[in-house]
Amino acid sequence: MAHVYPKFFFEDHLTDAEHASLVVTSSAVLYGLSVYTVFPVCVTVDDKLAAFRLQDHFKRLLDSAKIIGMDDFEKHWTYSRFESAVKELVSQNHVTEDVFIRASVHVNEHVPGTRSRGLKNTLSMFIYDATPIVPQNGARLKTSVWRRIPDYAIPSRAKVNGAYVNSVLAKQDAIDSGYDDCIFLDGQGHVCELSAANIFLVRNAELITPDNSSDLLEGINRKTVLEIAKELGIPIRETTVDLTELYIADEVFACGTSAYIAPVIEVDARVIANGKIGPITSKIKDLHHQLLHGVNINKVDLLTYL
Ligand code: PMP
């Protein structure tokens, strides 16, 4: 289990964990009606603390709330208010190492029935240790027996808590079968993503990833990887991806806040290429790590110093 820091943000103030709770009558508990994001806070090379792409995370929270119809959040929260709350949370918890922050917006109304608009929203945030959810030195993935929820049922581009039952089913199935994580397919058999990370493959020196209409979360690190590849001059293609393209890829990797850049060495008992971390994956992994830790001076605008 993760180590959780003692001070939480709840509603509009910092408090101890035991006071940051939702009651069992809230829509958040009854229907999984919360949206969330997880972002990293890292110790930079100049020994400061910085959040990575905080504005993008806030925007995705707003977008997720909008898709679900949780309209109270944007009435009360601006980006600058959100940034101040993050700063206060980090400062009061005396963070000195890389951590993750989970920010959730909950529908905190009691037994209102199955609806979302015009109901009270509550922001919560807590800090926990930055342990990767996927092995960093060669992950083994299994195609899930569970298909990805399609956009016409529960949209993956909205990061909504209730939908994560789909991810739990698929990840547990992978673990039960002796793998590290799953590969979700859509109803037509195209590749979507992992349980909580996006996926890339390299074939013939081209970087390929499922496009945004492939029932996936529009990952902030997915976007970052595409930007890194563009700067490196690596050809990029966002498209529909068949499962068997992964089997014969030269390189496969996953990416996400909690996955970082995770090289994949096996999919469904097929070893990827020679089973070693590929050169493009390795380069992108290094550059991604540098971005998070403020090494690349031209990119420090992606960081919010706290
Ligand atoms: N897909 C899913 C389903 C996720 O939960 C996550 C983690 N947020 C990602 C992809 C990666 O997104 P990000 O890069 O924004 O962390």
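A quick note: this is a predicted structure, and the numbers were derived from the prediction, not measured. In each ligand, atom 1 is the first atom listed, and ligand 1 is the first ligand listed.
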Item to check | Test side chain to side chain donor-acceptor pair (under 3.5 Å) applied to Asn108 and Thr25, Asp72, Asn121, Thr122, the passing residue | outcome: Thr122
Less than 3.5 Å apart, any donor N or O on the side chain of [X] or [Y] sitting next to an acceptor on the other?
| X | Y | answer |
| --- | --- | --- |
| Asn166 | Arg148 | yes |
| Gln172 | Asp176 | yes |
| Thr44 | His293 | no |
| Thr224 | Asn221 | no |
| Ser26 | His106 | no |

Next on the checklist: Tell me which one of Val35, Leu33, Asn161 satisfies side chain to side chain contact (heavy atoms under 4.5 Å, CB included) with Val105.
Outcome noted: Val35
Next on the checklist: Could you go through Tyr164 and Tyr36, starting from their C-alpha distance and side-chain angles, then the distance that decides it, and tell me whether this counts as ring-ring contact (aromatic ring centres under 6.0 Å, His included)?
Outcome noted: CA-CA 11 Å; Tyr164 274 78; Tyr36 80 99; 5.2 Å; yes
Checklist outcome for this item: A student comparing Glu193, Arg60, Glu218, Arg157 should find that the heavy atom closest to atom 1 (N) of ligand 1 comes from Glu193
Checklist outcome for this item: Nearest heavy atom to atom 7 (C) of ligand 1, choosing from Gly219, Ala196, Gly256, belongs to Ala196
Using distance alone, determine whether [X] and ligand 1 share an N or O pair under 3.5 Å.
| X | result |
| --- | --- |
| Arg222 | no |
| Ser167 | no |
| Leu217 | no |
| Asn221 | yes |

Interfacing atoms of ligand 1 (cut-off 4.0 Å, heavy-atom, [X]):
| X | result |
| --- | --- |
| Tyr164 | 2 (C), 3 (C), 4 (C), 5 (O) |
| Asn198 | 10 (C), 11 (C) |
| Lys159 | 4 (C), 5 (O), 7 (C), 8 (N) |
| Arg148 | 3 (C) |

Checklist entry - How does Ser195 reach ligand 1, by side chain, by backbone, by both or by neither, if only non-hydrogen atoms under 4.0 Å count? => result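 Near ligand 1, Ser195 shows its backbone, while the atoms from C-beta on stay back.
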Please state whether [X] comes within less than 4.0 angstrom of ligand 1, counting heavy atoms only.
| X | result |
| --- | --- |
| Lys223 | no |
| Phe39 | no |
| Val38 | no |

Checklist entry - Would you say the side-chain atoms of Gln136 pair up with the backbone N or O of Ala259, donor to acceptor, closer than 3.5 Å? => result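 Indeed, once roles are kept as given, a pair shorter than 3.5 Å links the two residues.
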Checklist entry - To the nearest 0.1 Å, how far is atom 16 (O) of ligand 1 from its closest protein heavy atom, and which atom is that? => result Thr257 OG1, 2.7 Å
